[in-house]
Amino acid sequence: MKLTELFQRKEFVITSEVGPVKGCCRNGQPEFVQEAKSLKDYVHAVNVTDNQSAKMRLGSLAASVLLKNQGLEPVFQLTCRDRNRIALQSDLLSACTLGIDNVLCLTGDHLRQGDHPTAKGVFDIDSVQLLSIARSLNQGNDLMGNDLTQATDLALGAVVNPNFQPLDLQLLKMEKKLASGAQFFQTQAVYDVRLFETFARKTEDFGVPIQYGVVIIKSPQMGRFINENITGITVPQWLIDEMAAASPEQYKDKAVEITTRLLRQIGPMVQGVHFMPLGWSDVIPRVMERLRSTCQCGG
Amino acid sequence: MIATTKKLLDEILEAMAGFQKVGLVGCDGCAKVCMTGGADEVAAMAQELKKQGKDIVFEATPERTCNVVKAHPVLEPLKDKMQDTDAILVLGCGGAVQVARQLTEQYGLFKPVKSGLDSVGHMDMVVAGQVALEQCQECGECILNDTAAICPVTKCAKSLLNGPCGGSEEGKCEADPSRDCAWVLIYNRMKALGEVEKLKKFVAPKDYRKAAKPRTLYIKEGRLA
């Protein structure tokens, strides 16, 4: 099922995210599959990250297929960091062939933060170009205009970071992604409601579905770690203080409470939510149940 | 200029192991500017190698060792001395080492030619005598006319052509927060020039044939192959 069909039906689209395991999965069911399965009744689809943070892992396509085989709807994340234009197109053909319906086109984190910092980054194509290429494949042609024996049929997603300053520059790129074929957007994690409001206001005329992205903050230490080490996300002091005021065994309850609150405030501004639970997927059912009982969005 | 850094002495000594009589060739062009291979650094290397028990047969520093026009007139008269060496150590960029090697072959000599430096990029001196920056990677398809004279191919860590990634924070680069985000620089300058609208244009994937190595330039025809 394509996410675009859900957006067309005006569904509030809920997705989560899992990171493939660092290892082979020939025997047994890996934890990330179990994690995704636990969300089956709560989300429409589950993103599968692509060697996230430039750390080498099981490929996102293979991991997406594992989820598909379990009856889950994967969103295959595809980055430009490790593949040239031939590999990207080939992987898009492969994805469609293997039954994938949704692909999220990204640039990819820089190698410097990863576990192979000595590797050569590819970056032959950027995310705007990748969207344009993926759209061509959907129309039956490759980048060079050659005919395909069978076109792909993929819903094309993209990302945007509302935290970016100057925001207008990020929106300029968002518009280019939109013009190049992006059919839905997932945002970087945002915790500043006012900031998101500004972003939502400036993008409402774009006419493209946007899912609010939220990383589940698991502890005050994690909040501080993100601020010090992860660029592009800011965890506000109020959130860190609120977590710090709780005892460690209450952190998960607190995460449920904060995430629910953020969604109540931001949910009405968007067409869906994208959770990035980083292993704490059990938070999501609790958040969704709370929202369902009190709020029309998420229902 | 082609920027260079000095190899560690141990690495040089390993490359020069077994060679007693050494000829030294520096470069009074880029390597001089980088303080890695000018006449002074060649003299210092000669002292160091003598301390290590080597014999220095000659020292030479052409004005541009990578250019046969400059290197040949200096090295050709040293043919006999070159013949007398066990190996030649070049304190110049990778191009200088290979031009020196080519000239020895041209002179009918088959001597080991070794490098004492690492070439680290085509760089521009932006703070006199202190800081050189890599700003151009000779992609063969210059887009500076469309990016306010700031090159995203080189100055963006991901060589993005259609705008910034989401990793930039407070105008700094995701890959190295000590560096400015190239796209924020481009945007601010385009804004000041009243040209932001031009950034909305889709930039197609680059034609990397123009950057495929090794390239040859036929100067009189202005032809690249």
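Residue numbers start from 1 in every chain, and the chains themselves are labelled A, B, ... in the order their sequence lines are given, proteins ahead of strands.
- Under the 4.5 Å side-chain criterion, counting only non-hydrogen atoms from C-beta, A:Thr231 is not in contact with B:Lys172.
- Of the listed residues (B:Gly171, B:Ala157, B:Cys173), the greatest number of heavy-atom pairs within a distance under 4.5 Å of chain A belongs to B:Ala157.
- Heavy atoms closer than 4.5 Å to chain B are found in both the backbone and the side chain of A:Leu169.
- Without hydrogens or angle criteria, B:Glu169 side chain to A:Gly232 main chain gives a donor-acceptor distance under 3.5 Å.
- For A:Leu106, no part lies near chain B; criterion is any non-hydrogen pair under 4.5 Å.
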Practice prompt. Test side chain to side chain contact (heavy atoms under 4.5 Å, CB included) on B:Lys191 and A:Asp168 and set out the steps.
Written response: CA-CA 11 Å; B:Lys191 203 172 170 186; A:Asp168 285 349; 5.5 Å; no
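- Of the listed residues (B:Pro177, B:Gly166, B:Gly163, B:Ala175), the greatest number of heavy-atom pairs within a distance under 4.5 Å of chain A belongs to B:Ala175.
- Remark: side-chain polar atoms of A:Gln113 are paired, donor with acceptor, to backbone N or O of B:Glu174 under 3.5 angstrom.
- Looking at heavy atoms from C-beta onward, B:Val184 lies in side-chain contact with A:Phe164 at the 4.5 angstrom threshold.
- For A:Arg85, the part lying near chain B is the side chain, with the backbone staying farther off; criterion is any non-hydrogen pair under 4.5 Å.
- Residues of residues 177-213 of chain A that come within less than 4.5 angstrom of chain B, heavy atom to heavy atom, are A:Ser180 in numerical order.
- Within residues 197-210 of chain B, the residues approaching chain A closer than 4.5 Å by heavy atoms are, in numerical order, B:Leu199, B:Lys200, B:Lys201, B:Phe202, B:Val203, B:Ala204, B:Pro205, B:Lys206, B:Tyr208.
- Atom NZ of B:Lys7 sits in a crowded spot, with more than 12 heavy atoms from other residues, nucleotides or ligands closer than 6.0 Å.
- Proximity to chain B (any heavy atom under 4.5 Å) is restricted, for A:Ile230, to the backbone atoms N, CA, C and O.
- The backbone N or O of B:Asn162 lies less than 3.5 Å from a partner atom in the side chain of A:Asp126, making a donor-acceptor pair.
- The number of heavy-atom neighbours closer than 6.0 Å to CD of B:Glu170, taken from other residues, nucleotides and ligands shown, is 12 or below.
- Scanning all heavy atoms of the two residues, the minimum distance from A:His110 to B:Lys158 falls at N-CE, 3.7 Å.
- Using a 4.5 Å cut-off between heavy atoms, A:Asp124 touches chain B through backbone and side chain atoms alike.
- Annotation for B:Leu193: atom CG counts as buried by contact number, over 12 foreign heavy atoms lying within 6.0 Å.
- The 12-atom threshold is not exceeded at NZ of B:Lys32, counting heavy atoms of other residues, nucleotides or ligands nearer than 6.0 Å.
- Closest non-hydrogen pair, A:Lys173 versus B:Cys165, comes out as NZ-N, 4.2 Å.
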